[in-house]
Amino acid sequence: MDLDFVCVHAGRPADELTRRDVARALLAVPSGVALVAVPDLRRALVALGNPFSPRFWDSVKATLGAIESGSATVGDVQRWLESTGTEPLLLTRSFFVWPEEDERGPVAREMFQRLVSYLEERVAAGEVDPDALAVRDERAREAYEDLQERWLNGPLPDGRVPGVAVSDEQDEELFAAWDEEEAFALGELRRILAELPAPERPAADLRAACARLREVLAGPGYPGNVLRACAGYEGEPLPADDEELWMTVTAGIAGPISDLPEDDDAPEQFTDLDGELSHEDSVLAALCAIHHADWLAVVAALARRGPGVLASPERIARFIAESEDIDVQMDEPEDLDAAETLFSSVTPLWACLGIVDKSEVLTPLGYWGLPKALERAWS
């Protein structure tokens with residue numbers, strides 16, 4: 001741990017090193033090693049005419065000493081790194097969060113480095129006072145936060161808004177990963193179904209179930225509002241074809257298309273952060289939280305066992321835990337409880353569609369249509 005190490009770590013010569021460069025290099029080695037190296041490192045920088053201030057070196061010793069003694073928190077260390085004056089805030093006032101360094105895409109890496117360069121310019125211009133930040137001056141910290149907020153939310157010369165560009169890239173990565181997972185699950189589902197006999201279409205059961213479903217969808221409140229949101233039916237006429245209606249709604253439970261309408265939402269619901277979700281919102285949140293692998297395990301188990309098998313939330317959780325179709329470890333009771341809780345939102349909706357009966361037993365209609373609907377949801 002010497003000046004050469006810092007230069008290599010920072011990727012720039014010693015006379016251009018910043019406080020951030022030195023801090024990051026010191027954090028890259030064990031705190032004891034860094035503490036021993038600090039005096040020689042300081043003398044070497046002084047000799048090169050790049051000394052930094054006594055306040056910075058005092059903060060170095062205090063922070064490394066706290067790390068070595070085990071009293072420093074992750075937040076303490078991050079705050080110290082930000083006090084160098086050129087480290088982007090990990091979390092801004094508007095709740096923008098930079099991705100972890102090893103998880104940043106090309107856009108995030110570019111924008112992060114642009115912000116570092118911008119902050120270096122502001123330090124050189126005297127607009128950012130690292131010494132004030134080092135001693136936790138609240139006004140200096142507030143100005144530092146404001147500066148970064150403005151940069152993140154202001155357009156660059158090419159028209160891009162940095163915060164938006166980074167968020168869009170993260171969304172694209174998330175959607176790509178989701179699509180890949182969905183495509184894999186669809187392939188596995190089709191492989192499993194190809195090995196099983198095709199069930200007959202229970203026309204009478206489908207007709208009766210759709211008659212009940214149309215009444216539910218036309219009514220106010222739960223479960224009609226949740227099923228309409230799952231299927232994306234808001235305002236437009238329902239399909240005249242029973243199979244199209246049933247399949248769309250059933251597929252929507254595995255992949256909700258829209259949210260609940262906001263017409264009845266009161267403004268205070270959005271400002272009461274400690275308030276509980278409505279039952280309908282909780283149900284939709286649970287549906288969106290179920291992984292592709294869990295749906296695959298459950299529907300595959302039901303398709304193999306056929307009508308008459310118990311499909312209660314407790315049994316469904318066991319299907320997932322015992323499935324050989326997915327690579328999911330559910331060794332703890334909490335894992336089973338979590339799966340059971342999520343599917344407790346599913347089975348009442350299945351009952352509305354005739355997939356399970358009042359005793360939560362799989363019906364011939366559910367046996368015929370559930371795998372088809374899941375395939376549709378993932379297609």
Side-chain angles (χ1 to χ4, degrees), residues 1-2 5-6 8-11 17-42 45 52-105 108-109 111-113 115-120 122-123 127-153 162-163 166-167 170 174 273-274 332 334 338:
M1 178 64 200
D2 55 14
F5 174 88
V6 178
V8 171
H9 190 271
L17 290 175
T18 65
R19 298 181 185 212
R20 174 178 180 269
D21 294 331
V22 173
R24 283 171 53 85
L26 290 169
L27 293 174
V29 298
S31 54
V33 174
L35 277 168
V36 171
V38 166
D40 289 340
L41 183 59
R42 183 176 183 180
L45 287 167
F52 305 135
S53 71
R55 283 184 176 177
F56 170 68
W57 293 110
D58 289 344
S59 74
V60 168
K61 293 177 183 177
T63 301
L64 293 178
I67 295 173
E68 182 68 10
S69 67
S71 62
T73 66
V74 173
D76 293 335
V77 176
Q78 178 64 31
R79 181 96 175 197
W80 171 67
L81 186 58
E82 292 168 358
S83 76
T84 60
T86 58
E87 174 69 15
L89 299 174
L90 182 62
L91 173 65
T92 71
R93 285 203 204 98
S94 59
F95 299 103
F96 175 85
V97 181
W98 287 100
E100 293 291 336
E101 190 167 357
D102 59 351
E103 297 177 358
R104 290 175 198 150
R109 289 195 297 271
M111 294 302 169
F112 192 90
Q113 189 53 51
L115 179 51
V116 171
S117 299
Y118 173 77
L119 293 173
E120 289 175 355
R122 302 283 69 77
V123 169
E127 296 178 29
V128 174
D129 184 357
D131 278 347
L133 292 172
V135 296
R136 296 177 178 254
D137 183 292
E138 289 302 321
R139 295 178 66 179
R141 174 74 183 192
E142 185 175 348
Y144 190 54
E145 293 175 355
D146 288 342
L147 189 69
Q148 296 197 34
E149 283 282 0
R150 288 195 299 271
W151 188 88
L152 284 166
N153 294 293
V166 174
S167 296
Q170 289 181 282
L174 179 63
L273 299 181
D274 295 324
E332 301 296 331
E334 294 81 4

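What you are looking at is a predicted structure, and each value in this text was computed from that prediction instead of being measured. For this chain, numbers begin at 1 and follow the sequence in order. Any value given below was found using the heavy atoms of this structure, including those in side chains, with hydrogens, waters and symmetry copies removed.
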- Message: What verdict does the side chain to side chain contact (heavy atoms under 4.5 Å, CB included) test give for Arg141 and Arg79, after you've listed the backbone C-alpha separation in whole Å, the side-chain angles of each residue and the deciding distance to 0.1 Å?
- Response: CA-CA 10 Å; Arg141 174 74 183 192; Arg79 181 96 175 197; 3.5 Å; yes

- Item | Intermediate values then yes/no, side chain to side chain contact (heavy atoms under 4.5 Å, CB included), Asp2 and Asp40 | CA-CA 8 Å; Asp2 55 14; Asp40 289 340; over 6 Å; no

- Test side chain to side chain contact (heavy atoms under 4.5 Å, CB included) on Trp98 and Met111 and set out the steps. CA-CA 10 Å; Trp98 287 100; Met111 294 302 169; 3.9 Å; yes

- Query: Does the pair Ile67 and Leu27 meet the rule for a side chain to side chain contact (heavy atoms under 4.5 Å, CB included), with working shown?
  - Reply: CA-CA 10 Å; Ile67 295 173; Leu27 293 174; 3.8 Å; yes

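Atoms CG and CG, on Leu17 and Leu41 in that order, are 8.5 Å from each other to the nearest 0.5 Å. Distance check, rounded to the nearest 0.5 Å: CG of Asp129 to OG of Ser83 gives 11.0 Å. To the nearest 0.5 Å, atom CD of residue Glu87 and atom CG of residue Leu115 are 9.0 Å apart. Interatomic distance, NZ of Lys61 versus CD of Glu68, reported as 15.5 Å (0.5 Å rounding).
Annotation: side chain of Val38 is in contact with side chain of Leu26 (closest heavy-atom distance under 4.5 Å). Two residues are said to be in side-chain contact when any heavy atoms from C-beta on lie closer than 4.5 Å; Arg122 and Thr86 fail this criterion. Side-chain atoms of Val22 and Phe56, non-hydrogen and from C-beta on, do get closer than 4.5 Å to each other. Asp58 places none of its side-chain heavy atoms less than 4.5 Å from the side chain of Val135. Side-chain contact check for Phe96 versus Ser167: some heavy-atom pair is nearer than 4.5 Å. Counting heavy atoms from C-beta on, the side chains of Arg19 and Asp131 come closer than 4.5 Å. Using a 4.5 Å heavy-atom threshold, the side chains of Trp151 and Leu119 count as separate. Contact annotation: the side chain of Thr84 never approaches that of Arg24 to less than 4.5 Å [non-hydrogen atoms, C-beta and beyond].
Partner of Val97 under the side-chain contact (heavy atoms from CB on, under 4.5 Å) criterion, out of Val166, Leu91, Leu89: Leu91 alone.
Nearest approach of Asp137 to Ala140, heavy atoms of both residues: OD1-N, 2.9 Å. Between Ala34 and Val29, the shortest heavy-atom distance links the atoms CB-CG2, 3.8 Å. The two residues Trp80 and Ala23 come nearest to each other via the heavy atoms CH2-CB, 3.5 Å. Closest approach of Pro99 and Gln170 over heavy atoms only: CG-NE2, 3.5 Å. What you find for Val123 and Gly85 is that their closest heavy atoms are CG2-O, 3.7 Å. Contact record, Ser69 with Ser71: OG-OG, 3.0 Å, taken as the closest heavy-atom pair.
Side chain of Arg109 to backbone of Arg104: a donor-acceptor contact under 3.5 angstrom is found. Looking only at distances, no side-chain donor or acceptor of Thr63 sits under 3.5 Å from a matching main-chain atom of Val60. In this structure, the side chain of Asp21 engages the main chain of Thr18 through a donor-acceptor pair within 3.5 Å.
Between Glu120 and Arg20 no salt bridge is recorded (no basic side-chain N to carboxylate O distance below 4.0 Å).
The local environment of CZ in Arg136 is sparse, with at most 12 non-hydrogen atoms from other residues, nucleotides or ligands closer than 6.0 Å.
For the residue pair Glu149 and Ser94, a side-chain donor N or O sits within less than 3.5 Å of a side-chain acceptor on the partner.
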